[in-house]
Amino acid sequence: MLAIENLMVFYENGLAVNNLRLKVSESEIVGVLGSNGAGKSTLMYTLSGIILDRKIKEERRGGEKITVLGAIRYRGAEISRLKPAVRVRDGIVLCPERRRIFPESTVLENLKIGATLRGRAEAKETLESVWRLFPFLFSLRHRTAGFLSGGEQQMLAIGRSLMARPRLLLLDEPLLGLAPSLQLGVIDAIRNIRESGITVLIADQYARPLLPIIDRGYVIESGSITVEGTGKDLMNNPHVRSAYFGI
Ligand SMILES: Nc1ncnc2c1ncn2[C@@H]1O[C@H](COP(=O)(O)OP(=O)(O)OP(=O)(O)O)[C@@H](O)[C@H]1O
Ligand SMILES: [Mg+2]
């Protein structure tokens with residue numbers, strides 16, 4: 001479904017993604033495990049196309065220079081030059097880091113915003129599926145989003161991404177800042193999302209909840225892949241164990 005070849009992303013001050021090769025097959029959950037500054041968000045912004053917007057903005061204001069090299073093939077087509085909105089229409093949807101919900105808007109309004117690029121009938125149907133996945137969101141639908149707990153806000157952020165009807169859902173650090181029990185709630189939701197036929201690429205630094213649900217994964221350090229394999233391979237890998245499990 002997705003194949004990344006020799007991807008390099010440079011910010012003015014250095015290399016953020018270094019010669020990265022990665023692939024995701026239809027209906028897999030693929031994990032990218034990396035600590036702070038490893039390049040996870042840069043990779044996600046590059047896949048969603050947001051990096052191109054940033055690059056143009058920086059060029060306009062004479063700011064830092066951003067360079068993106070390499071190939072990204074998605075469902076048979078090269079997409080590196082496509083605008084973010086076009087990628088969303090094609091089914092690549094990013095749920096960004098730090099759950100950027102609209103705190104002043106209600107839960108329902110937040111979800112509707114996610115469906116902006118889809119038709120009305122489709123949005124209604126998708127909303128039903130989001131309620132089925134997160135029944136508690138339905139009971140909180142008129143609540144101001146900023147008053148939800150951290151875990152609830154994360155589910156809302158994921159729900160909003162689903163409103164855009166992804167084929168490939170990109171999750172950037174969905175477990176960040178959540179207590180372990182809430183992390184497991186998010187993990188369960190991700191399992192159900194895959195069951196509903198959506199392919200998932202997830203970047204995070206919490207190996208313990210993440211590795212058991214991924215089909216395959218990659219460890220990235222300073223923008224380069226250092227280990228790759230099945231979830232089980234990664235769990236048994238001595239390097240991963242010492243770096244992420246402290247054993
Ligand atoms: N806009 C930017 N300008 C310059 N350098 C940047 C920019 N964004 C990220 N970087 C640098 O690129 C590298 C990768 O950053 P990135 O945000 O992709 O990492 P990350 O894995 O998402 O980290 P975190 O877990 O903290 O979110 C880091 O060295 C970072 O300092
Ligand atoms: Mg990040």
Side-chain angles (χ1 to χ4, degrees), residues 2 4-22 24 29-70 72 80 83-84 87 92-101 150-151 153-154 157-158 160-161 166 168-180 182-183 186-187 190 200-211 214 216-228 234 237 239-240 242-246:
L2 179 78
I4 304 173
E5 300 280 350
N6 309 107
L7 183 69
M8 312 274 277
V9 183
F10 303 85
Y11 294 112
E12 186 116 14
N13 59 357
L15 188 59
V17 171
N18 186 7
N19 208 14
L20 191 122
R21 271 187 51 251
L22 178 156
V24 180
I29 301 179
V30 173
V32 173
L33 188 61
S35 53
N36 292 126
K40 303 183 294 300
S41 297
T42 303
L43 171 63
M44 292 303 199
Y45 294 146
T46 308
L47 292 176
S48 67
I50 293 170
I51 195 98
L52 298 181
D53 281 358
R54 291 216 170 155
K55 178 175 156 66
I56 292 164
K57 228 178 261 165
E58 289 293 333
E59 273 162 16
R60 276 203 197 119
R61 61 175 199 103
E64 66 174 347
K65 199 165 151 29
I66 301 175
T67 310
V68 182
L69 304 172
I72 307 173
S80 328
K83 292 204 161 69
R87 298 191 206 191
I92 302 180
V93 178
L94 170 66
C95 183
E97 184 175 64
R98 281 171 233 290
R99 37 183 175 274
R100 302 223 181 81
I101 53 157
Q153 289 187 17
Q154 184 59 62
I158 296 174
R160 191 180 57 193
S161 314
L168 173 63
L169 177 64
L170 308 175
L171 296 170
D172 191 3
E173 297 214 53
L175 307 176
L176 187 70
L178 299 182
L182 294 178
Q183 290 186 341
V186 173
I187 289 286
I190 295 168
V200 181
L201 180 65
I202 167 173
D204 218 298
Q205 47 185 307
Y206 292 100
R208 223 176 269 278
L210 181 63
L211 295 186
I214 64 173
R216 291 183 306 103
Y218 300 82
V219 175
I220 62 171
E221 285 167 31
S222 311
S224 300
I225 290 168
T226 52
V227 184
E228 63 178 281
L234 297 189
N237 182 289
H239 175 69
V240 174
S242 71
Y244 291 91
F245 293 98

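Numbering of ligands and ligand atoms starts at 1, following listing order. The first residue in the sequence is number 1, and the count goes up from there.
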Near [X], which atoms of ligand 1 are under 4.0 Å from a heavy atom of that residue?
X: Glu97; value: 24 (P), 27 (O)
X: Gln205; value: 25 (O)
X: Glu173; value: 24 (P), 25 (O), 27 (O)

Hey, are the side chains of [X] and [Y] touching, using non-hydrogen atoms and a 4.5 Å cut-off?
X: Gln205; Y: Asn36; value: yes
X: Asn6; Y: Leu69; value: no
X: Val240; Y: Leu211; value: yes
X: Leu7; Y: Leu22; value: no
X: Ile4; Y: Thr46; value: no
X: Val219; Y: Tyr244; value: yes
X: Ile220; Y: Asn18; value: no
X: Ile51; Y: Tyr11; value: yes

With a cut-off of 2.8 Å, does any N, O or S atom of Glu97 fall short of it relative to the Mg ion (ligand 2)? yes
Looking at the Mg ion (ligand 2), is there an N, O or S atom belonging to Met44 that lies under 2.8 Å away from it? no
Once you restrict to heavy atoms under 4.0 Å, what part of Glu64 touches ligand 1? Side chain, backbone, both or neither. side chain
Heavy-atom contacts under 4.0 Å between Ser35 and ligand 1: side chain, backbone, both, or neither?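 The part of Ser35 near ligand 1 is the backbone, not the side chain.
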Can you find a protein heavy atom under 4.0 Å from atom 2 (C) of ligand 1?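 Flag for atom 2 (C) of ligand 1 set to true, protein heavy atom closer than 4.0 Å.
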Closer than 4.0 Å and a protein heavy atom, does any atom meet both conditions relative to atom 22 (O) of ligand 1?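 Answer yes: something from the protein, a heavy atom, is under 4.0 Å.
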Taking the minimum heavy-atom distance to atom 28 (C) of ligand 1, which of Gly37, Ser41, Ala38 ranks first?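 Selected option, by shortest heavy-atom distance: Gly37.
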Of the listed options Gly39, Ala16, Gly63, closest to atom 19 (O) of ligand 1 (non-hydrogen atoms):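 Selected option, by shortest heavy-atom distance: Gly39.
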Quick test: of every protein heavy atom, which one is nearest to [atom], and how far off is it to 0.1 Å?
atom: atom 15 (O) of ligand 1; result: Thr42 OG1, 3.8 Å
atom: atom 26 (O) of ligand 1; result: Asn36 ND2, 3.0 Å
atom: atom 6 (C) of ligand 1; result: Tyr11 CD1, 3.2 Å

So, for Lys40 and Asp172, which heavy atoms are closest and what is the spacing to 0.1 Å?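 The pair with the smallest heavy-atom distance is CB-OD1, 4.4 Å.
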